[in-house]
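Structure first, then comments.
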Number of protein chains: 2
Amino acid sequence: MLPFEVAEYQERLERVRKNMEKQGVEVLLITDPANMNYLSGYDAWSFYVHQMLVVDLSSEQPIWIGRFMDSGAARVTTWMHDDYIIGYPDTYVHSDVLHPMMYAADILKLKGLGNKRIGVEMDHYYFTAKAYFHLQKELPDADLTDADLLVNNVRLIKSDQEIEYMKKAARLAETAMTNGVNSIRAGKRECDAAAMIYYHMIAGTKDISGDYPAIVPLLPTGKNTSNPHLTWTDRTFQEGETVIVELAGCCKRYHVPLARTVTIGAPSKLMAGLASVAVEGLNKVLDGIKPGMTCGEAEALWRKALKKHGIVKESRLGYSVGLNYPPDWGEHTASIRNGDRTVLKPNMTFHLIPGLWFDDYGMEISETIRITENGCETFTSFPRELLINMPSAFEEHGEIS
Amino acid sequence: MLPFEVAEYQERLERVRKNMEKQGVEVLLITDPANMNYLSGYDAWSFYVHQMLVVDLSSEQPIWIGRFMDSGAARVTTWMHDDYIIGYPDTYVHSDVLHPMMYAADILKLKGLGNKRIGVEMDHYYFTAKAYFHLQKELPDADLTDADLLVNNVRLIKSDQEIEYMKKAARLAETAMTNGVNSIRAGKRECDAAAMIYYHMIAGTKDISGDYPAIVPLLPTGKNTSNPHLTWTDRTFQEGETVIVELAGCCKRYHVPLARTVTIGAPSKLMAGLASVAVEGLNKVLDGIKPGMTCGEAEALWRKALKKHGIVKESRLGYSVGLNYPPDWGEHTASIRNGDRTVLKPNMTFHLIPGLWFDDYGMEISETIRITENGCETFTSFPRELLINMPSAFEEHGEIS
């Protein structure tokens with residue numbers, strides 16, 4: 001079931017160990033499910049209970065510690081030997097007496113790691129404040145240190161195989177967007193469009209099956225286009241409305257996000273104008289971005305293009321994207337924004353999302369890109385413009401029985 | 001857009017304040033998105049950045065603190081006045097210099113709350129270890145205390161309107177399960193069945209639209225039925241295989257989970273026998289469970305039924321369920337398991353999931369129930385048995401265009 005050669009996992013591990021040495025981390029406890037997957041292959045919806053991957057400088061294989069019920073999934077989805085997979089009993093799950101970190105601490109002590117300098121992912125969703133305090137209490141001889149984003153930083157530059165999965169994810173994004181946009185018509189409900197997006201995102205194509213994306217399709221409509229993170233409702237689309245669709249294709253947990261704005265019927269002059277500003281700015285970045293530049297310098301291309309139209313965007317233009325699990329497909333490392341000094345390198349991948357949000361309207365037209373040797377290329381091939389759903393322009397699509 | 005009367009939110013808040021007083025908490029910082037929704041109505045996919053609801057004993061309305069980009073969503077989805085909605089700048093998002101909790105601490109100080117006894121949700125996904133340490137540093141006069149599950153405990157007993165939404169969610173679970181099971185046939189891919197489940201789960205019925213569930217459909221197949229939290233792949237179903245489908249209908253963020261096991265073709269004697277054991281045990285619980293009993297006593301009904309077949313289930317039988325966001329639809333409070341002393345009361349709701357998992361096969365047949373005045377009732381009405389997909393028993397369903 002492994003999506004990569006074992007050698008690729010081992011090479012990633014090598015780079016993580018180098019970062020550990022640089023940061024003075026002897027043992028790394030990895031609780032971010034994307035980081036766990038990146039190093040071990042582990043893939044299951046089990047991150048709602050405490051679990052981790054333990055990487056230490058001296059052992060050849062990481063140790064998976066999770067719920068006993070999920071240890072079978074660890075055996076089938078990872079490359080490690082069964083001896084490196086350790087399940088804790090169900091009595092540790094959502095208990096007010098026992099905590100999985102007590103169990104994990106016991107394992108660390110048993111392996112002779114209880115007195116090491118131990119890195120933890122301090123700002124990751126799946127490493128709670130209580131998890132920290134249990135480790136601190138149970139490992140009095142350890143030195144807990146912040147290793148947040150240590151693995152995420154290793155993930156910044158993608159391998160060729162990772163890029164291949166992102167290319168497949170792009171095909172999924174295209175089919176989901178095409179079918180989703182096509183079902184945004186007056187009289188249909190928002191949930192009907194979301195259902196159509198989901199169907200095509202997951203069924204994919206004959207050759208590419210879709211995984212669940214780390215963020216659900218976002219579908220702000222009408223005045224709510226000013227609120228980018230709203231999902232669908234049971235409302236019926238109205239003639240003349242604007243709808244934003246933000247989604248991602250996901251293949252082997254690798255994401256390619258894509259956002260477009262659709263008007264039902266002819267767009268207002270305001271909306272058409274805003275779209276041309278967004279596309280013009282986005283094109284400036286796509287034309288000018290290249291390796292060697294910093295993320296901040298890339299953002300300046302966008303800001304300069306916007307400035308002459310008198311528009312200032314408060315939020316960042318983009319962020320590093322790739323392998324992920326809910327709740328976010330962003331990697332939390334490099335952002336395309338003012339002041340970010342990350343130097344762009346080939347095979348870095350970003351979602352550039354020039355969202356322009358005002359008090360009661362908004363607009364998104366995005367592209368996911370790969371930095372190449374000389375510039376960049378977009379993953380998806382989809383009209384980079386305001387989409388206009390004229391009633392006559394689309395055939396009625398089939399209904400599912 | 002509010003799914004409940006303002007009075008219901010205020011009554012919930014009153015019960016939370018009572019719990020705060022009991023636990024000696026003057027100010028409560030709520031980071032669990034389900035708890036935020038429960039008290040304010042807030043509903044957006046923004047929990048991948050730090051955000052919170054601040055409840056203090058003296059103020060009439062809670063304060064929402066989140067990303068500036070999401071403050072519009074807070075204005076349209078909550079009942080609070082705009083003055084109680086405070087957005088932090090985008091420079092605080094995934095930054096290595098600024099942290100949203102620095103901003104939140106400033107707001108707390110400004111409101112005169114910086115020297116209070118402040119409760120935080122210590123073991124919730126969206127309250128990280130780093131969030132805790134930033135608050136501790138920025139609020140040296142505060143007394144931070146663990147208030148994990150304080151609001152979750154208030155959520156245990158559902159209101160009549162909450163039960164109404166769960167009844168609608170049950171209709172969604174039924175249509176998703178019917179269509180999902182129908183598409184599990186030899187030659188189809190796992191992703192095709194998952195896509196069909198998603199379509200019907202979200203498009204719902206003419207009158208009920210579906211929300212995204214807090215857990216994606218789980219679809220372990222063949223030998224992997226022993227690994228309950230695996231999702232679908234691009235594999236093709238084979239004649240003779242067993243497939244587990246676990247999904248939930250979700251309405252206004254209220255969940256009704258449902259799990260069934262399907263065989264493609266006639267089942268093995270082992271599988272048929274296992275199913276009858278599971279159903280017999282589940283029926284014993286459905287017949288015997290009633291208010292006044294503890295959760296532990298309810299589980300004993302199941303354990304006793306299983307014991308005579310020589311089977312021991314390591315994991316809990318069930319857990320409290322209702323309002324939620326990814327990554328879990330469980331409420332992390334009462335579990336139907338040995339030793340849980342929570343006393344059952346009318347309008348508590350549980351997912352009873354007698355999953356039986358062995359080394360290379362497994363079985364799930366579940367029901368979500370409401371505790372009534374005298375016993376319990378199931379939300380869904382779906383054959384409580386091993387489902388058998390004989391090639392002739394199903395008409396070919398339509399394809400989506």
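To find a chain, count down the sequence lines: A is the first, B the second, and so on, and within it residues start at 1.
- What you find for B:M69 and A:S315 is that their closest heavy atoms are CE-CB, 3.4 Å.
- Both the backbone and the side chain of A:V93 come within contact range of chain B, with heavy atoms under 4.5 Å apart.
- Chain A forms more heavy-atom pairs under 4.5 Å with one residue of B:D211, B:D207, B:D43, B:L149 than with any other, namely B:D211.
- Between A:H332 and B:H94, the angle of the ring planes stays under 30°, which puts this pair in the parallel group of the 30/60° scheme.
- When heavy atoms are compared at a cutoff of 4.5 Å, A:R337 approaches chain B solely by way of its side chain, counted from C-beta outward.
- Each of B:Y132, B:F133, B:F127 was evaluated against A:Y132; a single residue qualifies, B:F133, per the ring-ring contact (aromatic ring centres under 6.0 Å, His included) test.
- Only the side chain of A:V76 comes within less than 4.5 Å of a heavy atom in chain B; its backbone stays farther off.
- Heavy atoms of A:H134 lying under 4.5 Å from chain B are absent altogether.
- For a residue to count as touching a neighbouring chain, one of its non-hydrogen atoms must lie under 4.5 Å from one of that chain's; by this rule A:R67 touches chain B with the side chain only.
- Closest of all the heavy-atom pairs between A:W45 and B:P327 is NE1-O, 2.9 Å.
- Proximity of a side-chain donor or acceptor of B:Y125 to a complementary backbone N or O of A:Y48 within less than 3.5 Å is detected.
- Of the listed residues (B:L218, B:N224, B:V97, B:D340), the one with the most heavy-atom contacts under 4.5 Å to chain A is B:N224.
- Of the inter-residue distances, the one linking B:D70 atom CG with A:W357 atom CH2 reads 9.0 Å to the nearest 0.5 angstrom.
- Under the 3.5 Å distance criterion, the side-chain polar atoms of B:R316 are left unmatched by any main-chain donor or acceptor of A:T91.
- At least one side-chain heavy atom of B:K130 sits under 4.5 Å from a side-chain heavy atom of A:D148.
- Between A:T77 and B:L230 there is a side-chain heavy-atom pair separated by less than 4.5 Å.
- Expressed to the nearest 0.5 Å, how far CD1 of A:I202 lies from CD1 of B:I197 amounts to 10.5 Å.
- The two residues A:A131 and B:D123 make their nearest non-hydrogen contact at N-OD1, 4.2 Å.
- Taken to the nearest 0.5 Å, the OH atom of A:Y198 stands 15.5 Å off from the NE2 atom of B:H200.
- Per-residue heavy-atom pair counts under 4.5 Å with chain A were compared for B:S335, B:A73, B:S71, and the maximum is reached by B:A73.
- The closest donor-acceptor contact from the side chain of A:W232 to the backbone of B:Y212 lies at 3.5 Å or more, if one exists at all.
- Of the listed residues B:T333, B:D359, B:N338, B:D328, the one with more heavy-atom pairs under 4.5 angstrom with chain A than any other is B:D328.
- In this structure, the portions of A:P89 lying under 4.5 Å from any heavy atom of chain B include both its backbone and its side chain.
- Neither the backbone nor the side chain of B:Y319 has a heavy atom closer than 4.5 Å to any heavy atom of chain A.
- Scanning both residues, A:D234 and B:S209, for their nearest heavy atoms gives CB-OG, 3.2 Å.
- Looking at A:S95, the atoms closer than 4.5 Å to chain B (heavy atoms on both sides) sit in the backbone and in the side chain alike.
- When heavy atoms are compared at a cutoff of 4.5 Å, A:Y325 does not approach chain B at all.
- Interface summary for chain B: among A:R235, A:H50, A:E190, the most heavy-atom pairs under 4.5 angstrom belong to A:H50.
- Within the 4.5 angstrom heavy-atom criterion, only backbone atoms of A:A214 (N, CA, C, O) approach chain B.
- Within the 4.5 Å cutoff, side-chain heavy atoms of A:Y126 are placed close to those of B:Y126.
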